[in-house]
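Reading through the structure tokens given below for one structure.
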There are 2 protein chains.
Amino acid sequence: MIAKPFIKRLEQILGKDHVMTEKADRICYSYDATQRQFLPDVVVHPGSPAEISEIMKLANAEKIPVFPRGAGSGFSGGSLPTEGGIVLATSRLDQILEIDEENLVATVEPGVVTETFQKAVEKVGLFYPPDPASLKFSTLGGNVAECAGGPRCVKYGVTKDYILGLEVVTPTGDIIRTGGPTMKGVVGYDLTKLMVGSEGTLAVITKIIIKLLPLPEAKKTMLVLFDSIDGAAKAVSAIIRGKIIPTTLEFMDSATIDCVREATDLEVPDTARAVLIIEVDGDADMIDKQAGRIADIVQPLGVVETRIATTAAESEALWKIRRSVSPSLRKVNPDKFNEDICVPRSKVPDMIRKVEEISQRHDVPIVNFGHAGDGNIHVNVMIDKKKPGDSEKAEAAIEEVFKEALALGGTMSGEHGVGIMKAPYIPLELPVSAVDYMKTIKKALDPNNILNPGKIFLD
Amino acid sequence: MIAKPFIKRLEQILGKDHVMTEKADRICYSYDATQRQFLPDVVVHPGSPAEISEIMKLANAEKIPVFPRGAGSGFSGGSLPTEGGIVLATSRLDQILEIDEENLVATVEPGVVTETFQKAVEKVGLFYPPDPASLKFSTLGGNVAECAGGPRCVKYGVTKDYILGLEVVTPTGDIIRTGGPTMKGVVGYDLTKLMVGSEGTLAVITKIIIKLLPLPEAKKTMLVLFDSIDGAAKAVSAIIRGKIIPTTLEFMDSATIDCVREATDLEVPDTARAVLIIEVDGDADMIDKQAGRIADIVQPLGVVETRIATTAAESEALWKIRRSVSPSLRKVNPDKFNEDICVPRSKVPDMIRKVEEISQRHDVPIVNFGHAGDGNIHVNVMIDKKKPGDSEKAEAAIEEVFKEALALGGTMSGEHGVGIMKAPYIPLELPVSAVDYMKTIKKALDPNNILNPGKIFLD
């Protein structure tokens with residue numbers, strides 16, 4: 001428990017209104033999308049980098065852990081206050097500070113919601129591509145901390161690719177600017193990219209300088225139903241070998257389709273055992289050509305049906321199948337372990353086959369969908385936590401899924417990060433020397449291990 | 001001087017043929033493109049990561065500095081053996097290990113020459129965009145160490161954007177793999193991006209995993225002559241506001257054009273005071289449309305003449321003007337200080353005006369050309385080092401150029417890095433806290449400061 005005088009000093013820094021100690025309030029900041037729960041001692045809502053600097057200096061002096069938190073929508077437990085201490089919420093730092101239309105650069109505070117930002121830049125004809133599924137509530141600060149992805153990353157890259165610079169507060173309270181608003185810059189180490197994806201363990205993000213693109217003129221959505229997952233996977237490779245990199249190349253396996261078929265009234269023929277949702281964007285004439293070429297390329301690969309949207313409403317209708325996946329899954333079983341392995345694109349069919357074997361061996365339903373274009377598969381192990389033995393079965397299955405992904409040259413996580421959920425599995429993926437190298441960096445920058453301790457590394 | 005027994009141990013690790021101690025040999029590795037010279041004690045040519053690991057362990061134990069070297073084509077002195085010691089040349093590690101056409105990923109050794117690699121991937125219809133001017137001799141290892149850029153970066157990004165993973169040897173001799181061949185990956189800190197641009201101070205690169213793109217179907221080159229630099233600069237902004245991001249947006253100022261006019265028989269009308277070379281690539285029909293739109297957009301901005309290439313030979317002819325710049329400059333004065341500031345794109349005209357003032361005030365010719373599309377200007381201060389006072393004038397002018405670039409929100413270096421040439425100016429750009437943060441990382445990873453010491457940071 002944090003002592004009263006410490007709370008008093010937080011109140012002096014932030015004002016009483018922005019320091020929460022009531023249990024009811026603290027409970028609101030005790031969980032995230034993993035549904036794990038840890039009660040913080042205090043929740044603070046700083047209004048400026050200077051206040052965050054003061055908080056960090058104080059916490060560092062007293063060795064009280066600080067857990068930065070955006071919207072708490074992460075899937076790896078990155079924002080959970082696993083050791084009590086202080087939750088540092090970025091909700092008051094929610095301003096879009098500048099959208100520089102001349103230079104295609106924006107500056108925002110970390111608490112801006114991803115979709116709010118996307119809409120703001122699209123209003124002036126600009127484009128921020130990263131689109132994590134949580135974009136309606138996740139914050140840009142959280143997206144940067146976890147290096148969020150999304151369906152459009154196959155063409156446009158991940159969050160990291162759009163972050164030009166940051167202002168951060170270090171664990172010892174220094175305010176540092178990294179990078180800047182220029183398109184190139186090679187003076188000193190790239191602290192910006194080191195921070196992106198460091199899961200809130202190296203610094204608290206207080207400002208984000210973001211590169212924007214011109215908004216593509218048009219987009220075109222196609223939904224292709226295949227008679228096998230192999231056909232769909234071959235289609236992905238064939239499209240890219242055909243020199244087209246679509247904006248999205250989303251897939252759903254047969255287990256996922258079964259869920260959707262049962263839970264909704266969407267029309268999906270029984271012969272469809274895999275789905276690809278393919279979107280292309282850019283010059284209007286070019287994407288018409290590309291859509292036609294894609295249809296030709298995939299046709300010999302066991303296509304049951306191809307639907308091409310010609311209006312925005314039709315496009316929405318096609319996406320509805322994909323969007324109905326998460327709600328549909330709950331009908332299989334109430335709880336899911338949602339993993340997000342990533343393998344080289346060509347290994348997706350091998351991976352799906354391995355997952356099917358693991359599912360059968362452990363007698364636990366697993367449904368796969370996600371971003372086939374970049375080999376990033378959402379592997380959802382469906383269980384009922386209340387059933388004895390179900391959680392253990394899921395955990396055993398997940399460890400095997402990770403091992404198979406790694407054996408195929410992949411990674412345990414393409415988008416969600418390590419947090420606490422994957423920390424126990426780190427030795428499967430990273431050799432001791434690499435972990436030691438990372439820990440050396442962490443220790444050098446956060447000597448008292450007060451910033452988001454216990455994340456990524458178990459000790 | 002390094003003691004004989006140490007040399008003996010190097011010979012045991014590498015074989016006698018790969019350890020050079022003759023002065024004539026060492027002189028070959030004593031300079032780079034900066035024309036500064038420092039004689040190493042010994043030059044080694046390791047043939048494997050294991051050998052490099054042995055060398056690093058030995059050097060670390062004996063506290064002998066090691067200077068990794070690709071082609072020695074850098075403009076900031078990054079590979080210079082400023083403290084004697086060991087030059088570690090990557091020339092024997094020159095294999096393209098794999099071009100994975102299915103996954104658009106290649107794996108190479110650091111000593112592969114950039115152009116060799118580009119040609120190899122283009123042969124199978126793939127594309128590696130970064131194109132530093134030195135690509136005919138620079139190595140990919142050097143490109144990664146410095147985060148090289150080039151004209152195509154305005155559309156395609158810099159070296160960093162294509163590096164998915166590395167194998168490196170740490171200053172203490174550990175062999176570490178960072179990242180991997182997947183398009184996404186968020187397990188642990190992004191050591192890959194920390195290494196890219198760290199100028200050989202954090203680890204020796206031994207393997208590089210590179211992301212490739214499909215080779216664009218076609219490209220189209222235009223050369224536009226303007227009656228003022230303002231018109232050309234406005235054209236850059238107008239094109240991008242017009243939602244076109246060309247592959248290249250190269251500019252030359254009037255001083256550069258004068259040089260070319262004097263030194264070559266290329267036809268450049270007297271009324272042309274600025275040149276833009278604009279290239280677009282992609283779908284053949286789309287780029288025809290884009291070229292037409294660009295011509296319309298720039299027309300009102302003081303265009304003297306627009307030349308559009310319709311064949312590859314015509315495109316080459318247009319690029320000839322740009323390629324003749326460097327040889328032409330030598331006619332102005334024999335020596336040049338070649339800086340590469342980068343400012344927000346919209347600030348290019350302000351920056352050029354400032355440079356003209358500085359040139360007049362210090363009575364020293366300065367010619368500007370480079371990558372207008374991303375605000376990356378090559379500022380060339382032309383002097384004759386043999387003339388008393390010329391070097392001092394140049395240095396005073398350069399410091400002012402840096403200060404003006406920073407005042408406009410820019411950086412001292414967009415592509416070349418800090419090395420030893422810009423190290424004295426680091427305090428102009430980075431606050432003490434940021435430098436301390438970087439030095440903390442360096443010190444933690446290289447406790448004996450044996451890997452490329454004296455680079456980036458003065459002490």
Side-chain angles (χ1 to χ4, degrees), chain A residues 102-105 125 146-147 149 153 158 161 170 174 176-178 180-191 193-194 196-198 214 237 240-241 243 245 283 285-286 342-346 374-376 409-415 417-418 429-430 433-434 437-438 440-441 444-445 456, chain B residues 101-105 125 146-147 149 153 158 161 170 174 176-178 180-191 193-194 196-198 214 237 240 243 245 283 285-286 342-346 374-376 409-415 417-418 429-430 433-434 437-438 440-441 444-445 456:
Chain A
E102 194 86 12
N103 292 301
L104 309 198
V105 170
E146 301 293 331
C147 190
C153 296
V158 294
D161 299 311
T170 69
D174 282 327
I176 291 184
R177 283 177 172 272
T178 74
T182 56
M183 290 301 122
K184 292 172 174 169
V186 288
V187 172
Y189 298 150
D190 192 340
L191 299 181
K193 307 280 188 201
L194 178 63
V196 183
S198 66
S237 288
I240 289 171
R241 261 205 323 275
K243 313 270 180 259
I245 297 202
D283 176 82
D285 296 332
M286 181 190 74
C342 189
V343 293
R345 187 188 293 135
S346 66
D374 44 25
N376 188 194
T411 172
M412 296 190 299
S413 182
E415 307 182 318
V418 176
E429 178 155 346
L430 300 177
S433 56
Y437 200 87
M438 292 176 191
T440 302
I441 294 174
L445 302 176
I456 308 179
Chain B
E101 296 178 50
E102 194 87 12
N103 291 301
L104 308 198
V105 170
E146 301 293 331
C147 189
C153 296
V158 295
D161 299 309
T170 69
D174 283 327
I176 292 184
R177 284 178 172 272
T178 73
T182 55
M183 290 301 122
K184 292 172 174 171
V186 288
V187 172
Y189 298 150
D190 192 341
L191 298 181
K193 308 280 189 201
L194 177 65
V196 183
S198 67
S237 289
I240 288 172
K243 313 269 179 258
I245 297 201
D283 176 83
D285 297 333
M286 180 190 75
C342 189
V343 294
R345 188 187 292 135
S346 65
D374 44 26
N376 188 195
T411 172
M412 296 189 299
S413 182
E415 307 182 317
V418 176
E429 178 155 346
L430 300 177
S433 56
Y437 200 88
M438 292 176 193
T440 302
I441 293 173
L445 302 177
I456 308 179

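Worth saying up front: this structure is predicted, and the values here are computed from it rather than measured.
The choice from B:K243, B:R177, B:M183, B:K193 that makes the most heavy-atom pairs within less than 4.5 Å of chain A is B:K243. Residue with the most contacts toward chain A among B:T182, B:D161, B:I245: B:T182 (heavy-atom pairs, distance under 4.5 Å). When each of B:V196, B:T178, B:L104 is checked for heavy-atom pairs under 4.5 Å with chain A, B:L104 comes out on top. Contact tally against chain B (heavy-atom pairs below 4.5 Å) for A:G417, A:G197, A:G375: the top residue is A:G417. Looking only at heavy-atom pairs under 4.5 Å with chain B, the residue among A:L191, A:T440, A:T411 that has the most is A:L191. Heavy-atom pairs under 4.5 Å with chain A peak, among B:G180, B:G410, B:C147, B:G188, at B:G188. Between chain A and the residues B:P344, B:S198, B:A444, the most heavy-atom pairs under 4.5 angstrom are made by B:P344. The choice from B:L445, B:I441, B:L194, B:I456 that makes the most heavy-atom pairs within less than 4.5 Å of chain A is B:L445. With chain B as partner, the option from A:M412, A:E415, A:E146 having the largest number of non-hydrogen pairs under 4.5 angstrom is A:E415.
Between B:M438 and A:V187 the shortest heavy-atom distance is CE-O, 4.4 Å. A pairwise comparison of heavy atoms in B:C342 and B:G414 identifies CB-CA, 4.1 Å as the closest pair. Nearest heavy-atom pair, A:S346 versus A:S237, reported as atom, atom and distance to 0.1 Å: CA-OG, 4.2 Å. In this structure, B:R345 and B:I240 approach most closely via the heavy-atom pair NE-CD1, 3.2 Å.
Interface residue A:R241: only side-chain heavy atoms are found under 4.5 Å from chain B. Only the side chain of A:D174 comes within contact range of chain B, with at least one heavy atom under 4.5 Å from a heavy atom of that chain. Contacts between A:E429 and chain B at a heavy-atom distance below 4.5 Å involve the side chain alone, from C-beta outward. For B:N376, the part sitting under 4.5 Å from any heavy atom of chain A is the side chain, from C-beta outward, and nothing else. Interface remark: B:E102 contributes backbone and side-chain atoms alike to the contact with chain A (heavy atom separation under 4.5 Å).
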B:M286 vs A:D285, side chain to side chain contact (heavy atoms under 4.5 Å, CB included): CA-CA, chis, key distance, verdict: CA-CA 8 Å; B:M286 180 190 75; A:D285 296 332; over 6 Å; no

